[in-house]
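Just follow the structure's listing: the first ligand is 1, and inside any ligand the first atom is 1.
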Amino acid sequence: MNKVTIAEDIYWVGVIDWNIRDFHGYITRRGSTYNAYLILDQKTALVDTVKHTFSKELLTNIQDITSMEQIDYIIVNHVEMDHSSSLPIVAEKAKNATIITSEKGKEAIICHYGDHFKIQTVKTGDELKLGDRTLTFVEAPLLHWPDSMFTYVLPDKILMPNDAFGQHLASSQRFDDEVDEHILMEEAKTYYANILMPLAPLITRKIQEVVQMGVAPTVIAPSHGIIWRSNPSRIVNAYLQWSEGKSNKKIAIVYDTMWGSTDKMAHAIADGAISQGVEVKMLKLRATDLTDIVTEILDAKAVIVGSPTLNNQMFPTLGQFLTYVTGLKPKGKVWSFFGSYGWGGGAVRGMTEMARKAGFEVHEPGIEVKYVPTTEDLQKCFELGKQIASEIS
Ligand code: FEO
């Protein structure tokens, strides 16, 4: 392998997963990477491992730089299997290594791989001296698992925050100044929306806590995707904006349709909103992945959702969408619902109930039309679009 140097004696030894397209339901059409880092000093530390299907590649990457016996510490920042499922084989080969992880990390390692490892637990502020370098640990519980923690390398000022600040982006380049910045930020936003959105309040607090601890990284080396070295504050500021719920004058219209009635309504609502000068994104469920839909919702001020009625309920794709989006807890948005039915309604009522239960701010009444929208119905839809657009302007 070509050695990838982050700083003197600090190497990327991760792997590139060019072909992954579905990461537990998240559509990863640009692939991903599992980043691991090797730090050479008087003591040698490996920070994180990789998905088990790439364990041989990880071992080769490490052994191109040092021998497995030289590894003194394996830092496990997070036990989700994309980062830890090579741990058993790495620990077996790195016979002299102690695993360093949080208390919850220890519990998760034992649950996943058994109770036969040499493990030392750390908490926020604990330090591990490697020689000239010192690692400082910061627990980040529920960002996004209970075990999650960050490792900060001094004096190099390299933050290794595992999933935080990552992107699912396979690339032969490793650094932010080497890739297309629009693609990089698009993937960072998609990652935030689909993985971290429900944790927004914790993210803001964690960033403040880390800053107060004096952590001021010149490099942020996450566990997925590209390493931020040219301007790490760019992704930190983006996280602050996203977690504060900063949104645009934009309406996301998410809908599905059976025979075109709900589609006609969706377009009339869009026309009304556009007439007020707001941006509109039309997101038909069977034409757009949920991964992309929630990314559009992240910075929209309003979400208008439409469904036909099927068997007295919302259309199944809407059930899937609302289950996903209510779990992600998007904040500070206006929600409204519309739809069509034949002989008995139910979709609008069902969707509204789900949204209310999730604590969403619902604009009522919604609109429900029988069979096919009339000219008057479409005018009402146009007015709804207009009204919501003016509410968010
Ligand atoms: Fe990339 Fe939470 O694992």
If you stand at atom 1 (Fe) of ligand 1 and look out to NE2 of His83 and OD2 of Asp82, what angle do those two lines make, to 10°? 90°

Which atom of Asp163 approaches atom 1 (Fe) of ligand 1 most closely (N/O/S): OD1

For atom 2 (Fe) of ligand 1, find the closest N/O/S atom on Glu80 and give its atom name. OE1

Sidechain N-carboxylate O distance under 4.0 Å for Asp256, Arg286: yes

Taking atom 2 (Fe) of ligand 1 as the apex, NE2 on His144 and NE2 on His78 give an angle, to 10°, of 90°

Scanning both residues in full, the closest heavy-atom pair of Ser336 with His363 reads OG-O, 3.8 Å

Would you call Arg29 and Asp292 a salt bridge, taking side-chain N to carboxylate O under 4.0 Å as the test? yes

Between Lys189 and Asp299, is there a salt bridge with N-O shorter than 4.0 Å? yes

